[in-house]
Q: 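Got a structure for you, written out below as structure tokens; questions coming shortly.
Proteins get letters first, then strands, A, B, ... in listed order; numbering begins at 1 in each. Any value given below was found using the heavy atoms of this structure, including those in side chains, with hydrogens, waters and symmetry copies removed.
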Amino acid sequence: MKGLVFSELIEMVEDQLGLDVADCMIEGAPTKNHGAYTSVGTYDHEDLIQLVGSLSKVTGTPAADLVKSFGRYLFVRLSKLYPQFFASVDSTLDFLPSVENFVHVEVLKLYPDAELPTFEWETDDSDLFHMTYRSKRPFADLAEGMLLACIEHFQDQLSLTREDLGERNGTEAKFTLTRVPTDAALQKQEACPS
Amino acid sequence: MSELEIHQRRCDRERAARKEAEALLEAKSREVFAANQQLQALAEHTRAIVENAAEGIITYDARGCIGSINRSARMVFDIKDTGDIGNLNVNQLLKAQDLQCALFPAAPADAQPRTHDLPTPVEVTGVGLDNRTFVAEISVSSMLVGDCRTYTAMIRDLSQRKLREEQLRHAKKMESIGQMAAGLAHEINTPIQFVGNNIQFLEGAFEDLGELLDLFQKLKKAVKSDADAQQLLDEIETQSELVDLPFLRNEFPDAIKQSLEGIERVAAIVRAMKEYSTPSSENKTSVDLHCVVEAALSDASTLCRDVVDIETVFDRTIPSVPLVEAKVHQAILHVIANSADAIAGSEQPGQGKVRIATAMTANSIELQICDNGPGIPLEIQDRIFDPFFTTKEVGQGIGQGLAFVYDVVVNKHDGSIRVVSVPGTGTTFFLTFPIPPQEGTNSARRAHENSIG
């Protein structure tokens, strides 16, 4: 897993919870690098799980919630660090298909040995969209947090639901995005029922 | 835990992360350096291949402005100063009728190269900077480099090849002329030989007859003067026995006949030579080719009897076309005769077959004459239309038949002739006569009308 994820986690904890909590998180996790992560490095994803586990003990917050919050934070950071991926899209439904087809392709150019999750995108109709997350690592919570942040980023009227698949251990999940009718659309429907 | 200790540990972690980042950066730099080295080596290798290629390679843009020109091309076009390249346009170096089509081939619809898009070589005239002109062959391909289309021309100077081809053509011509002369000499020598022999015989015999005639003169005088003729009669008797008068009486007509035949044969050879060398002035008339074929078959019936079975498959929708009927008749007869002769000389002459078919193409009519004879040996197939080329024994043919056929079809009718022959299987002649445009239109209309229900 790229060091960027680790360095951003530590920065998030330092910013939002304080240096002492971050220090406790690191000291309490039996990581290989003892908390020294560079964003351009590559580290074992187990270290991240250890850090999250340690943070959960320190804060008393469930690990899944922490990871989801981190997902929201990470999306915002990535949108600032890599604006080129958002340049030609203006909605969640435009951006999400490009993650697999464009963003990950560009990542692999710089880091050919990166092991990235895969996203399958499909739609049944114009109001329902499915995105299936698959990874060797159990970070469906992270993906969920990033999806929620994405919807907020583009200010879309979409609701998000999640269905765990496979071994239901966070390595495989199906996210469903549904258009939420706006107030104006609801009023119009009430005025002119078909 | 004091704040200072927390900050100290944070600082230590940051320092460790920085050092790791520096190590990664150094490793990445080495990687990039190695990759650059490889790329440079590859570029140098590619450049060396292009620069030292045996063929000339020129690249240019859509306006013809030359971007690069390799050593071979510089030598061919006598470009000594590579600094001149920027001012050069490919149109200065090459001339041809459809040069623009050759230099700027249309790009394929998609970017994927396909095998059938390989460039077709085109012959052009090269013009060097020293104003030397030469025959060249170019193959042009194009590619997109960014948004710009770049053309690459492979250029080959054909001067040496053309010279060798011309020398070969000349040598073949000389060989052909030599063979023709040898054939003619053989053909003429034989009849001249026996004409000479017969004349010599007649000369010798006349000397003998002369004495006898003198005796008859004396006998005539003696009878008129009532002198004693008995001695003269005895001498006439003796002389007649000496010269073998009955023998001479029998042989003289044959000798004269053979001499006349020999002279006629020489005259026929001379006429054939004249026919071959003189352009025809006969006018063409609109003729149904099938009628000509049938007439030729009728003339060939004796030749073909007991040797070949003839089968005809005619396309009766073929229009009449302008033909010199007598010449075409003769040409067809020659081809059929050749087939019959070939089959007759083969192992199973009784099973010979000749199939004659007609067909129409877009703008011509085709006559196919196909036999199941022994075929034409591969080593002589490219010479069968040479005048006086023959595989027959002396006296059995002077090698004019197929040369005549070629002359009639190609030179006198602007047609074409093609032969497909597989030794042991048979030979097919394809004689093609062009259809004048109006005839073609009429034929298409007739075919359409015939097809209407």
Q: Counting neighbours of CD on Gln37(B) that are heavy atoms of other residues, nucleotides or ligands and sit closer than 6.0 Å, is the number greater than 12?
A: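 Above 12, so yes.
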Q: Does atom CD of Glu167(A) have more than 12 heavy-atom neighbours from other groups under 6.0 Å away?
A: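 12 or below, so no.
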Q: Need one label for Lys28(B): side chain, backbone, both or neither, based on atoms under 4.5 Å from any heavy atom in chain A.
A: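 Contact with chain A involves the side chain of Lys28(B) alone.
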Q: Give the C-alpha distance, both sets of side-chain angles, the deciding distance and a yes or no for salt bridge (Lys or Arg N to Asp or Glu O under 4.0 Å) between Arg10(B) and Asp20(A).
A: CA-CA 10 Å; Arg10(B) 186 171 186 266; Asp20(A) 51 342; over 6 Å; no
Q: Counting only heavy atoms not in Arg156(B), do more than 12 fall under 6.0 Å of its CZ?
A: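 No, because the 6.0 Å sphere around CZ of Arg156(B) holds 12 heavy atoms or fewer from other groups.
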Q: Taking atom CG of Asp23(A) and atom CD of Glu3(B), what is their separation to the nearest 0.5 Å?
A: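 These two atoms lie 11.0 Å from each other.
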Q: Sequence neighbours left out, what passes salt bridge (charged side-chain N to carboxylate O under 4.0 Å, His left out) with Asp141(A)? Give chain and number order.
A: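 Arg162(A).
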Q: With a 4.5 Å heavy-atom cut-off (strictly below), which parts of residues 27-52 of chain A touch chain B? List them by number.
A: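 When heavy atoms of chain B are the reference, residues 27-52 of chain A contributes Glu27(A), Asn33(A), His34(A), Gly35(A), Ala36(A), Tyr37(A), Thr38(A), Val40(A), Gly41(A), Tyr43(A) within the under-4.5 Å range.
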Q: Which of residues 7-18 of chain A get closer than 4.5 angstrom to chain B, counting heavy atoms alone?
A: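 Glu14(A) fall under the 4.5 Å cut-off.
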Q: Please say whether more than 12 non-hydrogen atoms of neighbouring residues, nucleotides or ligands are located less than 6.0 Å from CE in Met143(B).
A: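 Enclosed.
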Q: Who passes salt bridge (charged side-chain N to carboxylate O under 4.0 Å, His left out) against Lys174(A), sequence neighbours left out?
A: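 Result, salt bridge (charged side-chain N to carboxylate O under 4.0 Å, His left out) vs Lys174(A): none returned.
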Q: Got more than 12 heavy atoms from elsewhere within 6.0 Å of CZ, Arg169(B)?
A: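 Yes, enclosed.
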